[in-house]
Amino acid sequence: MYQPLGVHRLIYRTRIASYVKAGLIDYAVKVFEEMTLSECRVFGIDYNRFIGVLIRHSRLDLAHHYYSKMAPLGFSLSSFTYSRFISGLCQTKEFMFIEKLLNDMDRLHCVPDIWAFNIYLNLLFRENREESALEVFGRMVERGREPDVVTFTIIIDGLCKMKKFDAAVQFWRNMLDKGIRPDNKACGALAVGLCDGGQVDLAYELVIGVISGGLSEVSTLVYNALISGFCRAGGIDKALAIVSFMSRTGCKPDLVTYNVLLNYCCNEFMFEEAVKLLKKMECSATEPDVYSYNQLLKAFCKANHPDKAYQFMVTKMVPKGFCDVVSYNTIIKAFLQY
DNA sequence: TTAGGGTTAG
């Protein structure tokens, strides 16, 4: 009986769609394969849709396979599918193939979307391929894809981790010049990054600059990074000033804020302040944790009072279940040195 | 459907 090929094609498509809907990708693959071997023409759109499905289901090898089959037929993917393909390949770190897809897109004059670029940039920095990352950034700008706050955050974070602070700050300024408002994550990347590298004053200047300029609102984490940075650099006054500043902006100190300050007091033999802080915590909604108690334990030991430390441990820490390997190591070391 | 992870101890 005569049946036009269009009907066959429709049947194939329907079968594939129902298998995909049911999550039976292997069956869908079989039908697609059958379709390509049959007499009906398989169009670019069929490859596009099916490769899209394979990418969504993380079947990247198969997606690769069909991509190489479709190219000689003169078919190409849609810009959307190319972008999803690149994003997917970032999970499997297939750099060579990503580059091939980028070049293919160039030839077709289509540009990956912002997600594909950001995901790729992030991968390159995670793999310490800073030079390639900056090249990709240049390529992105050249092709007219405007970087956004996520792009800049990835770059700033990556550069700080590589200790390239000047370059990171340049990108921060570049972002502001473009009128992009740094959000909490962007401020976090810069604050944490610069403080880790000992550039606390610079971190403070840049981050507080955008907050007091009304450009950004940040979370406790960002303030904590700065507070901790100043405590480590011996700038307790600045640290305390940030604590009152954050409270004024409606951002309450949390457990980490208290612990950072406790840590400072205990290292600097400011025993009374430490006890006061601990009591304040015990009375507040922010109850101390094992970290907090370990700070006090350390303070007793540093003051050459392992006996008092032991008392503190037995009466205050053990009943609350707040003793860990750090507590025991601290006290054992103290008794050995006593 | 699609992304940025990062603050405190011995």
Side-chain angles (χ1 to χ4, degrees), chain A residues 52-53 55-58 80-91 112-126 133 147-161 171 175 180 182-196 200 203 207 218-232 239 242 246 251 253-267 274 277 281 286 288-302 309 313 322-334 336-337:
Chain A
V53 165
I55 295 165
R56 241 187 354 260
H57 287 83
S58 305
F80 180 88
T81 309
Y82 266 119
S83 295
R84 297 290 67 73
F85 209 167
I86 291 171
S87 307
L89 290 168
C90 285
Q91 284 177 7
D113 64 20
I114 189 75
W115 290 284
F117 269 125
N118 285 348
I119 292 167
Y120 187 33
L121 270 179
N122 190 41
L123 171 68
L124 290 170
F125 273 113
R126 272 203 331 255
D148 65 2
V149 66
V150 178
T151 319
F152 280 103
T153 307
I154 291 165
I155 296 176
I156 291 166
D157 180 60
L159 289 173
C160 283
K161 287 203 173 91
F171 273 99
M175 171 175 71
I180 298 173
D183 62 7
N184 183 47
K185 287 194 173 187
C187 293
L190 187 79
V192 171
L194 290 183
C195 288
D196 268 353
V200 200
V207 173
V218 300
S219 70
T220 318
L221 188 136
V222 177
Y223 290 115
N224 285 346
L226 293 171
I227 294 166
S228 153
F230 277 119
C231 282
R232 267 183 314 212
I242 297 172
M246 68 192 271
C251 197
D254 65 2
L255 180 61
V256 175
T257 320
Y258 282 114
N259 282 346
V260 167
L261 294 173
L262 261 181
N263 176 244
Y264 176 83
C265 293
C266 293
N267 281 340
L277 257 177
M281 290 172 81
T286 316
D289 66 354
V290 62
Y291 185 106
S292 330
Y293 286 104
N294 278 342
Q295 296 306 310
L296 263 289
L297 197 69
K298 179 181 69 182
F300 281 119
C301 295
K302 274 179 90 110
M313 191 175 178
F322 279 161
C323 271
D324 64 4
V325 62
V326 176
S327 331
Y328 287 107
N329 281 345
T330 307
I331 206 154
I332 290 168
K333 201 173 149 204
L336 288 174
Q337 287 173 347

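For A:Asn263, a side-chain nitrogen or oxygen approaches OP1 or OP2 of B:dA9 to under 4.0 Å. OP1 or OP2 of B:dG6 lies within a sub-4.0 Å distance of a side-chain N or O belonging to A:Lys161.
Residue contacts shown for A:Asp148 include a base, since a base heavy atom lies under 4.0 Å away. A:Ser87 comes within 4.0 angstrom of nothing in the nucleic acid, heavy atoms only. At the heavy-atom level, A:Asp289 lies nowhere under 4.0 Å from the strands shown. At the heavy-atom level, A:Val260 lies under 4.0 Å from the strands shown only through sugar-phosphate atoms. No engagement by A:Val222 is indicated, since no non-hydrogen atom pair under 4.0 Å with the nucleic acid exists. Nucleic acid contact for A:Asn294: base, since at least one base atom lies under 4.0 Å from a heavy atom of the residue.
Among residues two or more places apart in sequence or in another chain, the ring pair (Phe, Tyr, Trp, His ring centres under 6.0 Å) test is passed with A:Phe117 by none. Take A:Asp113 and apply the salt bridge (Lys or Arg N to Asp or Glu O under 4.0 Å) test, not counting sequence neighbours, and it matches A:Arg84.
Taking only side-chain atoms of A:Arg56, from C-beta outward, the nucleotide of B:dG5, B:dG4, B:dT1 with the closest atom is B:dT1. Nearest nucleotide to the side chain of A:Val150, out of B:dA9, B:dA3, B:dT7: B:dA3. Side-chain proximity of A:Val192 to B:dG5, B:dA3, B:dT7: nearest is B:dT7. Nearest nucleotide to the side chain of A:Val290, out of B:dT7, B:dT1, B:dA9: B:dA9. Closest to the A:Val326 side chain, of the nucleotides B:dG4, B:dA9, B:dG6, is B:dA9. Closest approach to the A:Asp324 side chain among B:dT7, B:dA9, B:dA3 is made by B:dA9 (side chain taken as heavy atoms from C-beta onward).
Donor-acceptor pairing under 3.5 Å, judged by distance alone, is present between the side chain of A:Arg84 and the base of B:dT2. A donor and an acceptor atom sit less than 3.5 Å apart, one in the side chain of A:Asp183 and one in the base of B:dG4.
Spacing between atom CZ of A:Phe230 and atom C1' of B:dT7 amounts to 14 Å, rounded to whole angstrom units. Atom CD in A:Gln91 sits roughly 11 Å away from atom C1' in B:dA3 (whole-Å rounding). Between A:Ile227 atom CD1 and B:dT7 atom C1' the separation is 9 Å, expressed in whole Å. Put simply, CD1 on A:Ile156 is 20 Å from P on B:dA3, counting in whole angstrom units. If you take CG of A:Leu194 and C1' of B:dG6, they are 13 Å apart, rounded to a whole angstrom. Between the CD1 atom of A:Ile154 and the P atom of B:dA3 there is a distance of 11 Å, rounded to whole Å. A straight line from CZ of A:Phe80 to C1' of B:dT1 spans 7 Å, rounded to a whole angstrom. The separation between A:Arg126 atom CZ and B:dG5 atom P is 8 Å, rounded to whole Å.
With no hydrogens or angles considered, no side-chain donor-acceptor pair links A:Asn122 and A:Asp157 at under 3.5 Å.
Residues A:Gly193 and A:Cys160 approach most closely at CA-CB, 3.6 Å, considering heavy atoms.
A 4.5 Å side-chain heavy-atom check between A:Ser83 and A:Ile86 finds every atom pair outside the cut-off.
Between the A:Asp289 side chain and the A:Ser292 main chain, a donor and an acceptor come within less than 3.5 Å of each other.
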